[in-house]
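All heavy atoms count here, side chains included; hydrogens, waters and symmetry mates do not. Sequential numbering from 1 along the given sequence is applied to the chain's residues.
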Amino acid sequence: MAKQAIVVRMDLRMGKGKMCAQVAHASLSAYKEALRKNKKIAEEWEREGMKKIVLKVKNLEELLEYYKKCEEKGIPVSLIRDAGYTQIEPGTITCFGAGPWKDEEVDAVLGNLKLL
């Protein structure tokens, strides 16, 4: 089975709507990366119901640490930078999407993070 994980910074104190928009950007962008990396896994994820989880980290440093770990393990990832039109300065990294990818590989890297 496959899943997608979205990892969000909590130090930015984004409003709920803003955070939802950033998570949506990360989900779609990571999906596109997964299609390029392994179309079979991405299509399997679609057929299985597009399972995803949203996780939280304290700050940018922790977010980048997990992003790099995912990259090192070969999990397709996409880092999201805000355009800066509303609550956040332009270019601020808000979150990243990982996968869809194999459940066990996503869990091996991100499994100790708390759900949002």
Taking [X] for its side chain and [Y] for its backbone only, find out whether a donor-acceptor pair lies under 3.5 Å.
| X | Y | value |
| --- | --- | --- |
| K37 | G74 | yes |
| Q4 | G99 | yes |
| R9 | K58 | no |

Rounded distance [0.5 Å steps], [atom1] in [X] versus [atom2] in [Y]:
| X | Y | atom1 | atom2 | result |
| --- | --- | --- | --- | --- |
| H25 | I80 | NE2 | CD1 | 7.5 Å |
| E48 | E46 | CD | CD | 11.0 Å |
| K52 | Y31 | NZ | OH | 11.0 Å |
| D82 | E89 | CG | CD | 9.5 Å |

Side-chain heavy atoms of [X] within contact of [Y], under 4.5 Å:
| X | Y | answer |
| --- | --- | --- |
| T92 | L12 | yes |
| L64 | L79 | yes |
| F96 | C70 | yes |
| E65 | E61 | no |
| T94 | V8 | no |

[X] versus [Y], closest heavy-atom pair with distance:
| X | Y | value |
| --- | --- | --- |
| G97 | A26 | N-CB, 3.7 Å |
| M10 | M19 | CE-CE, 4.3 Å |
| C95 | L63 | CA-CD1, 3.7 Å |
| S78 | E33 | CB-CG, 4.4 Å |
| A42 | L35 | CB-CD2, 3.6 Å |
| P100 | A30 | CD-O, 4.4 Å |

Legend entry - Residue E104 excluded, over 12 heavy atoms near CD under 6.0 Å: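 Check passes, neighbour count above 12.
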Legend entry - Residue K51 excluded, over 12 heavy atoms near NZ under 6.0 Å: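 For K51, atom NZ is crowded (more than 12 foreign heavy atoms under 6.0 Å).
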Would you kindly confirm whether [X] and [Y] end up in one hydrophobic cluster when ILVMFWY residues are joined by side chain heavy atoms under 4.5 Å apart?
| X | Y | value |
| --- | --- | --- |
| V54 | M14 | yes |
| I75 | W45 | no |
| L28 | Y67 | no |
| L60 | I6 | no |

Legend entry - Residues in side-chain contact (heavy atoms from CB on, under 4.5 Å) contact with N38, at least two apart in sequence or another chain: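 Here the qualifying residues are K40, I41, W101.
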Hey, can you pull the donor-acceptor pairs under 3.5 Å for the side chains in residues 106-116, sequence neighbours left out?
from: D107; atom 1: OD1; to: K3; atom 2: NZ; distance (Å): 2.6
from: D107; atom 1: OD2; to: K3; atom 2: NZ; distance (Å): 3.4
from: N112; atom 1: OD1; to: Y66; atom 2: OH; distance (Å): 3.4
from: N112; atom 1: ND2; to: Y66; atom 2: OH; distance (Å): 3.1

Legend entry - Check: T86/K18 side-chain N/O donor and acceptor closer than 3.5 Å: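 Indeed, the side chains of T86 and K18 share at least one donor-acceptor pair under 3.5 Å.
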Inset, instruction - May I have the step-by-step check of salt bridge (Lys or Arg N to Asp or Glu O under 4.0 Å) for K68 and E72, ending in yes or no? - result: CA-CA 6 Å; K68 289 175 186 170; E72 289 168 1; over 6 Å; no
Legend entry - Matching residue for E62 among D11, V7, V57 - test: side chain to side chain contact (heavy atoms under 4.5 Å, CB included):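 Answer to the side chain to side chain contact (heavy atoms under 4.5 Å, CB included) test with E62 among D11, V7, V57: V57.
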